[in-house]
Amino acid sequence: MATSTVDIDAAILGGGIAGLWLLNVLRNAGYGTVLLESGRLGSGQTLASQGLIHGGLKYALGGALTAASEAMAAMPARWRACLAGTGEVDLTPLRPLSDDFYFFAQGGAAGKLAAFFASKLLHGRVRRLQPDEFPPFLPASTCKCVVHRLDDFVLDPYSLVKRLADLGAPHIHQMDERAKIEVRQHGAIIHTTRARIACNRLILAAGAGNETLLRHLRIPVAMQRRSLRQVIVTGPTLGPFYGHCLTGINRPEPRLTITSHPDGTDAPDNRRWLWSLGGQLAEEGAGRSPADQRRHARHELQACLPWLDWRQVHLDSFHLHRAEPLQPGNRLPHQAFAQKLGNCIVCWPTKLTLAPDLGDKVLPLMSKPQHPDPPVLDLPAATLGTPPWGK
Ligand SMILES: Cc1cc2nc3c(=O)[nH]c(=O)nc-3n(C[C@H](O)[C@H](O)[C@H](O)COP(=O)(O)OP(=O)(O)OC[C@H]3O[C@@H](n4cnc5c(N)ncnc54)[C@H](O)[C@@H]3O)c2cc1C
């Protein structure tokens, strides 16, 4: 049974990007905060993500700015400030996997969008490249593409989770499976076998795990799951490449979103790369069998990058749900979500890139800090998860 009570300002449930980001933001703002993780840090969506920190232009492929594209426009600069040490969370040890992200297309699609991309509205967010500026995987002599460079970049999700966990230590703990949560009039109490934690705010940042928590705590907020089947490509000829393929798109969505990740087996100077394929392929592939998705992915690689030889690559896939607040028609939400009900705050960032937006939304829902420096809890530390392709 619990032996003593520790009073804190906030307890966060869940150690994906939402929980880890909020832990750092709240602690930097003077709130005594702990994070409790029931599995392994990042092991839900965050470590499976493509790490793209984007300004939403991939949601403007209908040829006009949208609410979604504009809600995210400021995010790359917010993250760059963190990487430079002038933002709300110190990410200075991290280096982007890529500072470049491209839209590329052969034929008509790019032609229609080129005028929109060139418009003053998008000044500084996207720039058409000359053939001598094309990246190595889009060789100008053979690819015959129109290529635009975006103001987006890519972080390695594993390094990001590790950095946030290092910053938040020693306030990140493994959630005891037998822990009981009691919401009271003036806060909440988490009863673990080794500690009794009394918090003014209980923050639900558990991704898909929020659904069960909401039901147990009888909090009337609804969640939606949008599923996808992401494809992982491995092979000796793959190197780092980051881009959205727009060739022949028939709806305002990238046909393929390609990111590259070190496969974790080699020293940095001899890295082997794998490609993670998202976009329409992953969305539409949610209902396909793994074998069908592999066949479809091979066809899409051949159609989007026909100048490369795809015979030697190995394809795999994994199925995952994106957990978000319920939207009419299960649509894509375009902002981070934070809602306060009593002393509980329910959160979903809805995108990795929107973590700073989530911080902006949660801070005003806090009351004044009362326990800025609580003692470190006598609970085991939570450990880091691994991406679906291993580390
Ligand atoms: C394949 C894929 C690719 C993506 N790519 C991008 C991208 O490139 N850019 C982008 O902006 N967004 C991307 N996203 C979206 C982004 O990854 C998610 O919006 C974000 O990671 C969600 O973070 P989260 O912290 O809410 O949830 P999660 O990362 O799922 O973390 C939830 C955590 O809570 C823990 N947990 C669960 N239940 C409990 C409980 N009861 N108590 C305590 N802990 C609990 C879990 O173990 C987990 O660690 C992608 C998503 C997917 C699936």
Side-chain angles (χ1 to χ4, degrees), residues 11-23 34-56 58-59 72 75-76 79 97-98 101 152-157 160-161 164-165 172-177 179 181 190 202-217 223 225-232 242 244 254 257-259 261 276-279 281-283 285-286 317-325 332-334 336-338 346-358 382-385 387-389:
I12 299 172
L13 303 181
I17 187 64
L20 289 166
W21 188 269
L22 290 174
L23 175 70
V34 301
L35 186 153
L36 301 166
E37 164 62 47
S38 67
R40 294 174 76 192
L41 298 170
S43 62
Q45 301 154 84
T46 302
L47 288 176
S49 86
Q50 294 190 266
L52 175 55
I53 303 301
H54 64 91
K58 66 175 181 159
Y59 302 122
M72 292 169 210
M75 292 302 124
W79 282 87
L97 278 176
S98 172
F101 214 91
D152 297 348
F153 61 98
V154 182
L155 290 176
D156 173 28
L160 173 62
V161 167
L164 293 173
I172 300 177
H173 301 282
Q174 196 63 44
M175 179 89 162
D176 182 335
E177 278 184 6
I181 303 169
I190 302 169
L202 180 69
I203 301 182
L204 276 53
N210 273 357
E211 198 168 45
T212 309
L213 288 167
L214 290 166
R215 198 169 51 245
H216 283 167
L217 299 175
M223 190 185 98
R225 290 168 194 257
R226 286 187 309 115
S227 47
L228 42 77
R229 183 169 282 287
Q230 196 81 6
V231 173
I232 300 300
Y242 302 85
H244 299 293
T257 295
I258 303 168
T259 51
H261 305 262
S276 179
L277 307 183
L281 170 73
E283 309 267 342
S317 72
F318 62 87
H319 186 267
L320 212 63
H321 296 286
R322 277 177 298 202
E324 299 162 345
L332 171 93
H334 51 74
F337 175 92
V346 184
C347 298
W348 287 284
T350 78
K351 300 263 168 291
L352 186 79
T353 197
L354 285 167
D357 185 38
L358 182 65
T383 52
L384 249 71
W389 51 85

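Order of appearance sets the numbers: ligands from 1, and atoms from 1 within every ligand.
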- Query: Any N or O on Leu213 sitting closer than 3.5 Å to an N or O of ligand 1?
  - Reply: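 Such a contact does not occur with ligand 1.
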
- Message: Below the 3.5 angstrom mark, is there an N/O of Gly51, backbone or side chain, next to an N/O of ligand 1?
- Response: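 Yes - when backbone and side-chain N and O of Gly51 are compared with those of ligand 1, one distance drops under 3.5 Å.
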
Report the nearest protein non-hydrogen atom to [atom]: residue, atom name, distance rounded to 0.1 Å.
{"atom": "atom 52 (C) of ligand 1", "result": "Arg322 CG, 4.2 Å"}
{"atom": "atom 31 (O) of ligand 1", "result": "Gly16 CA, 3.4 Å"}
{"atom": "atom 47 (O) of ligand 1", "result": "Glu37 OE2, 2.5 Å"}
{"atom": "atom 37 (C) of ligand 1", "result": "Ala206 O, 3.5 Å"}
{"atom": "atom 12 (N) of ligand 1", "result": "Leu352 N, 3.0 Å"}
{"atom": "atom 7 (C) of ligand 1", "result": "Leu52 N, 3.7 Å"}
{"atom": "atom 53 (C) of ligand 1", "result": "Leu320 CD2, 3.6 Å"}
{"atom": "atom 26 (O) of ligand 1", "result": "Pro349 CD, 3.1 Å"}

Looking at [X], which atoms of ligand 1 are within less than 4.0 Å of one of its heavy atoms?
{"X": "Thr353", "result": "10 (C), 11 (O)"}
{"X": "Lys351", "result": "11 (O), 12 (N), 19 (O)"}
{"X": "Ala18", "result": "25 (O), 26 (O)"}
{"X": "Gly42", "result": "49 (O)"}
{"X": "Leu36", "result": "43 (C), 44 (N)"}
{"X": "Gln230", "result": "1 (C)"}
{"X": "Leu228", "result": "1 (C)"}

Output yes when a side-chain donor or acceptor of [X] lies under 3.5 Å from a complementary backbone atom of [Y], and no otherwise.
{"X": "Glu37", "Y": "Ala382", "result": "no"}
{"X": "Gln174", "Y": "Leu36", "result": "no"}
{"X": "Gln45", "Y": "Ala323", "result": "yes"}
{"X": "Asp152", "Y": "Gly55", "result": "yes"}
{"X": "Trp348", "Y": "Ala205", "result": "no"}
{"X": "Gln50", "Y": "Ser276", "result": "yes"}
{"X": "Thr46", "Y": "Ile17", "result": "yes"}

- Is ligand 1 less than 4.0 angstrom away from at least one heavy atom of Glu324?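 Checking ligand 1 against Glu324, which is what was asked, there is no heavy-atom contact under 4.0 Å.
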
- Query: For ligand 1, is there an atom lying under 4.0 Å from some heavy atom of Gly278?
  - Reply: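 No.
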
Validation row: [X], [Y] side chains within 4.5 angstrom (heavy atoms):
{"X": "His216", "Y": "Ile181", "result": "no"}
{"X": "Leu202", "Y": "Ile190", "result": "yes"}
{"X": "Leu277", "Y": "Ile258", "result": "yes"}

- Task: State which residue, out of Thr383, Val161, Leu164, fulfils the side-chain contact (heavy atoms from CB on, under 4.5 Å) condition with Leu41.
- Result: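 It is Val161; the other options fail the test.
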
- Sort out for me which residue in Val34, Ile203, Ile12 forms a side-chain contact (heavy atoms from CB on, under 4.5 Å) with Leu23.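 For Leu23, the side-chain contact (heavy atoms from CB on, under 4.5 Å) test succeeds with only one of Val34, Ile203, Ile12, which is Ile12.
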
- Message: If you compare all heavy atoms of Met75 against all heavy atoms of His54, which two are closest, and at what distance to 0.1 Å?
- Response: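 Reported closest heavy-atom pair: CB-O, 4.0 Å.
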
- Message: Please give me the minimum heavy-atom distance between Cys347 and Asn210, naming the atom from each residue.
- Response: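 Looks like O-ND2, 3.0 Å.
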
Out of [options], whose heavy atom is nearest to [atom]?
{"atom": "atom 21 (O) of ligand 1", "options": "Leu22, Thr257, Thr46", "answer": "Thr46"}
{"atom": "atom 50 (C) of ligand 1", "options": "Ala336, Ser43, Ser49", "answer": "Ser49"}
{"atom": "atom 5 (N) of ligand 1", "options": "Met175, Arg40, Gln50", "answer": "Gln50"}
{"atom": "atom 39 (C) of ligand 1", "options": "Ala382, Gly209, Ser38, Gly14", "answer": "Ser38"}
{"atom": "atom 22 (C) of ligand 1", "options": "Gln174, His321, Gln45", "answer": "Gln45"}

